[in-house]
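Structure record follows, encoded as structure tokens.
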Amino acid sequence: MSNNNIRVRFAPSPTGPLHIGGVRTALYNYLFARKNGGKCILRVEDTDQTRFVPGAEAYIQESFEWCGITFDESVSKGGPFGPYKQSERKDIYKQYADQLFASGHAYLAFDTPEELTAVRQAFEAEKKTFTYNAEERKKLRNSLTLAESEVKELLNNNTPFVVRFKMPEDETIVMNDLIRDRVEVSTKVLDDKILFKSDGMPTYHLANVVDDHLMEISHVIRGEEWLPSLPLHVMLYKAFGWQSPEFAHLPLLLKPDGNGKLSKRDGDRLGFPVFPQQWTDPKTSEVSRGYREDGYFPDAFINMLALLGWNPGDDRELFNMEELTEAFSIERIGKSGSKFDLEKAKWFNHQYLIKRSNESLAELLLPIAVEKGVLVEPEQLAEAVGLVKERATFVTDLWDQLDFFFVRPESFDAKAVKKRWKAASYDQMTELKNLLADLDDFSAEQTESATKAWIEEQEYGMGAVMNAFRLLIVGALKGPHLFDIIALIGQEETLERLDNGLHELGRKEVQK
RNA sequence: GCACCGUUCGUCUAGCCAGGUCAGGACGCCAGGUUUUCAUCCUGGUAACACGGGUUCAAAUCCCGUACGGUGUACCA
């Protein structure tokens, strides 16, 4: 399906690292655009000069690259509707603020922040809440209350001012949300929001409406925290005489324990990442962990995130980006917030780890082996990976599952020794060593049949022999099929480990 | 405070719009089975319609109210 009229955007503010809620919003935008053959735009909303954080923009871009979310138009990529950074569009907003003032939909306000704070405090003292609305604007210093000559003079003196939206006094605004359907609100409870700040920059409200219109955005898919300002945005479209886009307000991602919006602190507190990748605060040098550094695969991360608030309507749970694109629809996004579940996230990663080829996993594992100072052949490593990958969640646990393939046991698990190293073990293992030494074919099939035949012939206990054998080879009672292990480490190494172990554990005295 | 949004197993959720299912699946947890060990795997189990009214032969589903939670209420986004 192709629809060139579908255009969506993700519009982060570069005030810090993008958290997973933002990534999910971007993902839904991306999936919706791809599904419908539309375009997905990345726009940087940096109209708040006081909250600029160095590195945040680069972080956002890098995170999306890691996740596999791409944009058709962006700051780095450019596009026919640029610039894509709001600080570079400053002059555009001024022009539209003027237009609104000229048409009577907005007015100039000269109240200083200090004056407003004072008014707010006065209201608070009387247990009332101040809102700059139709009633209160009559008592404040703005172009509606001041004489035209006064306004002119203030402007000539370069007195700072803001542009406020003149909210109609009593009107019912009817809005439609793709997720929540019809939403209604009265302008009585709304206030005259600032559209243009005294520093010459627009606020989010003006900038986002102007840009969405100019960039021909057809669907605004954003977080639920924007729902309360939807009436203002709808009124702005109306004031400009523009057709408003469709809106979809996504439910929030919640803390795993208790309630509330997921925040940076929760990750530190509960021990899971809130960010796609690691972030170092440039001011405090505080480091926040990321999914990438924690060992998650980007496709597992995306899969997990996609299912947090959306479902395909059937029992499928494993989706790559193509499959997600195919299955995605706004109709199947839920209405209520979802809590992040660490266990489920791990399960997803486990699924993706199993799916990955032994060779590619070995490649990821190689640096860890090097770090541990262990020399391994990539082919051998891949083979070992194949034997143990079902038991791992992350590439790093993979090493713990197979280190014994490459490192001869230096110690023997005390509990296991106590339980499995019996009086007869020393002699049995010596016999087994001689038996294995004589074999020409050291394949798993051969060693297994020879060993089992010998056990049967000698009438030894299968459990007793195999556990003692495993103890000497692995150093503990763990790991995959023992004959697969010795086939991989080879005859020479097997015999040496047996020798070593026999020497280490020695003959156990018969207990009295 | 006010406004708006929401509420199905511990968690993610299906079912709700077009009332009739033992309220389904997944993660987790528990038990059993397989196995030379650990893990995997297989089988089974545990566990939910926030509450109260109403409409109806019949309500998780429609209506009203209550409670609880969330978001917003900045010259932040």
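Heavy atoms only: backbone and side chains are in, while hydrogens, waters and symmetry mates are out. Quick caveat: nothing in here was measured; it's all calculated off a predicted structure.
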Closest to the side chain of A/Arg391, out of B/rU7, B/rU71, B/rC38, is B/rC38
Of B/rG1, B/rA77, B/rC4, the nucleotide closest to the side chain of A/His205 is B/rA77
side-chain hydrogen bond (donor to acceptor under 3.5 Å, both in side chains) between A/Arg332 and A/Asn311, worked out:
CA-CA 6 Å; A/Arg332 297 214 60 89; A/Asn311 76 83; 3.2 Å; yes
How is A/Thr112 classified with respect to the nucleic acid when contacts are heavy atoms under 4.0 Å: base, sugar-phosphate, or nothing?
base
Check: A/His481/A/Glu448 side-chain N/O donor and acceptor closer than 3.5 Å
yes
With a non-hydrogen cut-off below 4.0 angstrom, is A/Pro480 in contact with a base, only sugar-phosphate, or nothing?
base
Compare the minimum distances between each of B/rU36, B/rC2, B/rA77 and the side chain of A/Val189, then state the nucleotide with the smallest one.
B/rC2
Polar side-chain contact A/His481-B/rU35 base: donor and acceptor under 3.5 Å:
no
Is A/Asp413 paired with A/Lys478 through a side-chain N to carboxylate O contact shorter than 4.0 Å?
no
Would you say the side-chain atoms of A/Tyr204 and A/Gln86 include a donor-acceptor pair closer than 3.5 Å?
no
Counting side-chain heavy atoms from CB outward, which of B/rC12, B/rC75, B/rA77 is closest to A/Val162?
B/rC75
What nucleotide among B/rC75, B/rA77, B/rC12 has an atom nearest to a side-chain atom of A/Arg120?
B/rC75
Classify A/Ser198 by what it touches in the nucleic acid, base, sugar-phosphate, or nothing, heavy-atom distance under 4.0 Å.
base
Distance between P atoms of B/rA18 and B/rU13 (Å, rounded)
24 Å
Counting any heavy atom closer than 4.0 Å, what does A/Lys261 reach on the DNA or RNA strands: base, sugar-phosphate only, or nothing?
sugar-phosphate
Under 3.5 Å on both distances, the Watson-Crick or G-U partner of B/rC16:
none
With a 3.5 Å limit on both atom pairs, tell me what B/rA23 is paired to, counting Watson-Crick and G-U wobble, or say none.
none
Could you work out the separation of B/rG15 and B/rG24 based on their C1' atoms and round it to a whole Å?
8 Å
Base-pairing mate for B/rC4 - Watson-Crick or G-U, with both contacts under 3.5 Å
B/rG70
Looking at the side chain of A/Asn467, which of B/rC4, B/rC75, B/rU37 is the nearest nucleotide?
B/rU37
Whole-Å C1' distance, B/rA67 and B/rC51:
7 Å
Using a cut-off of less than 4.0 Å, is there contact between a side-chain N or O of A/Lys197 and OP1 or OP2 of B/rA77?
yes
Identify whether any heavy atom of A/Arg332 sits under 4.0 Å from a base atom; if not, whether one sits that close to sugar-phosphate; answer base, sugar-phosphate or nothing.
sugar-phosphate
Per the atom types in the model, does the base of B/rC76 pair as donor or acceptor with the side chain of A/Arg51 at under 3.5 Å?
yes
When both distances are under 3.5 Å in a Watson-Crick or G-U wobble arrangement, the nucleotide paired with B/rC75 is none
How would you label the contact of A/Gly309 with the nucleic acid (heavy atoms, under 4.0 Å): base, sugar-phosphate, or nothing?
sugar-phosphate
Give none if B/rA58 has no partner; otherwise give the nucleotide forming a Watson-Crick or G-U wobble pair with it, both distances under 3.5 Å.
none
Might you confirm whether atom CD of A/Glu184 has over 12 heavy atoms from other residues, nucleotides or ligands at distances under 6.0 Å?
yes
Using a heavy-atom cut-off of 4.0 Å across all strands, would you classify A/Asp111 as base, sugar-phosphate, or nothing?
base
Regarding A/His249, tell me which of base, sugar-phosphate or nothing describes its non-hydrogen contacts under 4.0 Å with the strands shown.
nothing
Would you classify A/Arg316 as touching base, sugar-phosphate or nothing, given that sugar-phosphate means primed atoms plus P, OP1 and OP2, and contacts are heavy atoms under 4.0 Å?
nothing
Would you indicate which nucleotide in B/rC76, B/rU11, B/rG6 comes nearest to any side-chain atom of A/Thr203?
B/rC76
C1' spacing across the pair B/rC49 / B/rC22, given as an integer number of angstrom
15 Å
Does a donor on one side chain sit under 3.5 Å from an acceptor on the other, for A/Asp98 and A/Tyr93?
no
Tell me whether the centres of the aromatic rings in A/Trp421 and A/Phe412 are closer together than 6.0 Å.
no
Contact class for A/Ser336 (heavy atom, under 4.0 Å): base, sugar-phosphate, or nothing?
sugar-phosphate
Taking the minimum atom-to-atom distance to the side chain of A/Thr131, which one of B/rU73, B/rA77, B/rC75 wins?
B/rU73
Sugar-phosphate, base or nothing in reach of A/Ser186, heavy atoms under 4.0 Å:
nothing
P-based separation of B/rG70 from B/rU8 [nearest Å]
15 Å
What is the pairing partner of B/rC51, taking Watson-Crick or G-U wobble pairs with both distances under 3.5 Å in any strand?
B/rG65
Within the pair A/Thr47 and B/rA77, is there a side-chain N or O less than 4.0 Å away from OP1 or OP2?
yes
So if I take every side-chain heavy atom of A/Glu225 and compare against B/rU7, B/rA77, B/rU36, which nucleotide ends up nearest?
B/rA77
What contact category does A/Glu184 fall into here, base, sugar-phosphate, or nothing, at under 4.0 angstrom with non-hydrogen atoms?
sugar-phosphate
Salt bridge (Lys or Arg N to Asp or Glu O under 4.0 Å) partner of A/Glu171, chosen from A/Lys238, A/Lys166, A/Lys188:
A/Lys238
Residue A/Trp347, side-chain atoms from C-beta onward, closest of B/rA26, B/rC76, B/rG72
B/rA26
